[in-house]
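One structure below.
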Amino acid sequence: MKPTVFVHTNAKQIVGAIVSKYSFERFAADPSAFEVKLIETASYSWMRDYEGKLYLRDGLKRRWLNEDLQSFTVLRFAPPEIMRHEGRSLVVDPDVFCISSVNELLARDMKGAAILARHRTGSKEAAWASSVMLLDNARLAHWNLHENFAEMFAFERDYMKWITLLTEPQDRIAPLESVWNDFDRLTPETRMIHNTKRQTQPWKSGLPVDFRPPESRHGLTPKNLYHRLRRSLFGDYGLMGSYKAHPDPNQERLFFALLRECLDKGMVTEAMLRQEMKHNHVRHDALDLVRRTPTLDEKPLFAA
């Protein structure tokens with residue numbers, strides 16, 4: 001069975017997911033050595049049964065919204081089942097873009113680990129970033145997406161502990177170099193760039209914010225109290241403002257150069273982009289940016 005790269009997504013992030021999928025194929029030293037597939041929330045109809053229900057997240061009870069920008073995150077745990085617990089898979093968020101060959105990573109000796117991932121930064125450095133994971137599927141037979149998802153609503157599984165891999169035996173996880181999941185940092189050493197800061201994702205600039213900010217279990221902090229009051233008066237996304245321009249023009253150029261190639265190859269159509277712009281999933285000047293962004297062959301990201 002060929003190793004498979006899985007890009008997981010929902011309808012709101014489908015354009016990013018398609019560009020991500022293409023990036024792995026474009027830069028591969030040997031594209032025939034692996035497959036790249038999308039995993040979409042729309043394929044998991046049972047997720048709709050949980051709409052509006054309370055689940056456990058970082059010690060708090062939150063309402064599940066299938067239309068939330070990041071409802072796809074639980075699909076990170078689907079690849080082992082999809083591959084019948086055989087072979088190897090690499091799972092990435094739809095805002096992760098490969099800029100080098102992934103063949104080397106897919107063939108890496110995992111030295112008995114079930115999962116390779118990098119650590120998160122800041123206050124949660126002990127936790128893992130499951131946004132990019134290399135998986136030995138045979139060692140993850142205990143992953144059952146539907147059952148584990150349901151456990152959140154029975155308040156038996158905390159979303160944050162699940163998503164940061166703290167529910168896994170820690171001796172089965174090994175560190176992945178940060179360049180394979182480079183948080184908002186694009187350098188000549190970067191292998192995969194991850195636009196983690198949602199408010200500045202390059203394809204969303206100028207659109208109204210459509211994600212819910214996290215809250216911690218420390219419910220009486222000023223930040224938590226503000227967001228509870230804001231939601232009660234104005235709804236989930238009220239007073240959240242607009243997506244901002246990305247501070248690194250090179251990261252914006254990377255995305256729109258890849259999107260231009262996707263358009264040229266028919267992987268994305270102009271009609272689809274216009275529809276995504278209409279739904280506020282993609283910034284309204286996307287086509288203008290595509291037309292004036294040079295290709296990566298015309299203008300490489302980094303000077304030789």
Side-chain angles (χ1 to χ4, degrees), residues 1-9 20 24 33-39 44 55-59 70 72-96 98 101-183 191-192 194 196 214 217:
M1 181 178 290
K2 284 185 179 182
T4 303
V5 178
F6 291 96
V7 183
H8 57 299
T9 187
S20 175
F24 286 92
F34 63 95
E35 297 184 71
V36 191
K37 298 180 180 179
L38 298 185
I39 315 175
Y44 294 84
Y55 71 104
L56 190 62
R57 178 172 179 146
D58 207 8
Q70 289 193 290
F72 60 81
T73 53
V74 295
L75 300 185
R76 295 172 182 173
F77 303 98
E81 288 180 272
I82 294 172
M83 297 187 70
R84 301 185 301 280
H85 301 106
E86 299 175 14
R88 184 169 288 191
S89 53
L90 175 69
V91 60
V92 303
D93 278 6
D95 51 7
V96 171
C98 189
S101 177
V102 78
N103 291 87
E104 168 201 335
L105 180 60
L106 291 172
R108 178 175 296 188
D109 180 359
M110 296 178 68
K111 301 184 185 302
I115 305 167
L116 297 189
R118 70 164 289 181
H119 280 289
R120 293 179 65 151
T121 56
S123 61
K124 297 181 179 178
E125 287 183 354
W128 300 90
S130 60
S131 46
V132 173
M133 294 186 288
L134 183 65
L135 306 175
D136 183 342
N137 298 313
R139 293 176 175 269
L140 296 166
H142 60 290
W143 284 11
N144 184 303
L145 179 59
H146 194 173
E147 287 183 8
N148 297 155
F149 185 80
E151 288 167 358
M152 295 195 305
F153 297 85
F155 313 128
E156 297 169 353
R157 176 180 292 262
D158 190 300
Y159 169 91
M160 284 307 299
K161 289 183 178 179
W162 187 22
I163 216 76
T164 55
L165 301 178
L166 296 180
T167 57
E168 291 296 309
Q170 295 301 288
D171 60 357
R172 294 166 64 86
I173 309 173
L176 180 67
E177 300 91 336
S178 61
V179 293
W180 290 105
N181 189 2
D182 230 343
F183 298 160
R191 311 302 295 273
M192 288 189 243
H194 186 180
T196 66
R217 64 175 63 88

When you measure from the side chain of His119 to the backbone of Ala127, do you find a donor-acceptor pair of N or O atoms at a distance under 3.5 Å?
yes

Rounded to the nearest 0.5 Å, how far apart are CD of Gln70 and OG1 of Thr9?
11.0 Å

Which heavy atom of Met110 sits nearest a heavy atom of Asp136, and at what distance?
CE-N, 3.8 Å

Are Pro79 and Thr4 side-chain neighbours, meaning at least one heavy-atom pair lies under 4.5 Å?
no

Which heavy-atom pair separates Met152 from Val74 by the least distance, and what is that distance?
CE-CG1, 4.5 Å

Is there a donor-acceptor pair under 3.5 Å between the side chain of His8 and the backbone N or O of Val92?
yes

Under the side chain to side chain contact (heavy atoms under 4.5 Å, CB included) test, which residues partner Leu165, sequence neighbours left out?
Phe77, Ile115, Ala117, Trp128, Ser130, Met133, Glu168, Ile173

Could you go step by step and tell me if Leu106 and Leu134 meet the side chain to side chain contact (heavy atoms under 4.5 Å, CB included) rule?
CA-CA 8 Å; Leu106 291 172; Leu134 183 65; 4.2 Å; yes

Check for a donor-acceptor pair, side chain of Arg118 on one end and backbone N or O of Trp180 on the other, with a separation under 3.5 Å.
no

For the pair Ser20 (side chain) and Pro94 (backbone), establish whether a donor and an acceptor sit closer than 3.5 Å, ignoring hydrogens and angles.
no

Starting at CH2 of Trp143, measure out to CG of Asn148 and round the result to the nearest 0.5 Å.
9.5 Å

Shortest non-hydrogen contact from Leu56 toward Arg157
CB-O, 3.8 Å

Heavy atoms of Val102 and Met192 approach each other most closely as CG2-CE, 4.4 Å

Side chain to side chain contact (heavy atoms under 4.5 Å, CB included) evaluation trace for Leu90 with Val132
CA-CA 7 Å; Leu90 175 69; Val132 173; 4.1 Å; yes

For Asp93 and Val7, which heavy atoms make the closest approach, and how far apart are they?
O-CG1, 4.1 Å

Mind checking the CE-CG spacing from Met83 to Leu135? Nearest 0.5 Å is all I need.
9.5 Å

Do the side chain of Asp158 and the main chain of Asp58 share a donor and acceptor less than 3.5 angstrom apart?
yes

Note, Tyr44 side chain near Leu145 side chain (heavy atom, < 4.5 Å):
yes

Has the side chain of Arg172 got a donor or acceptor atom that lies under 3.5 Å from a matching backbone atom of Arg139?
yes

Charged N to carboxylate O under 4.0 angstrom, Arg191 versus Glu177?
no

Side chain to side chain, Lys161 and Tyr159, heavy atoms closer than 4.5 Å
no

Student check: side-chain heavy atoms of Trp162 and Glu151 closer than 4.5 Å:
no

Distance-minimising heavy-atom pair for Pro80 and Asn137:
CA-OD1, 3.4 Å

Nearest-0.5 Å distance that lies between atom OG in Ser89 and atom CD in Glu81
11.5 Å

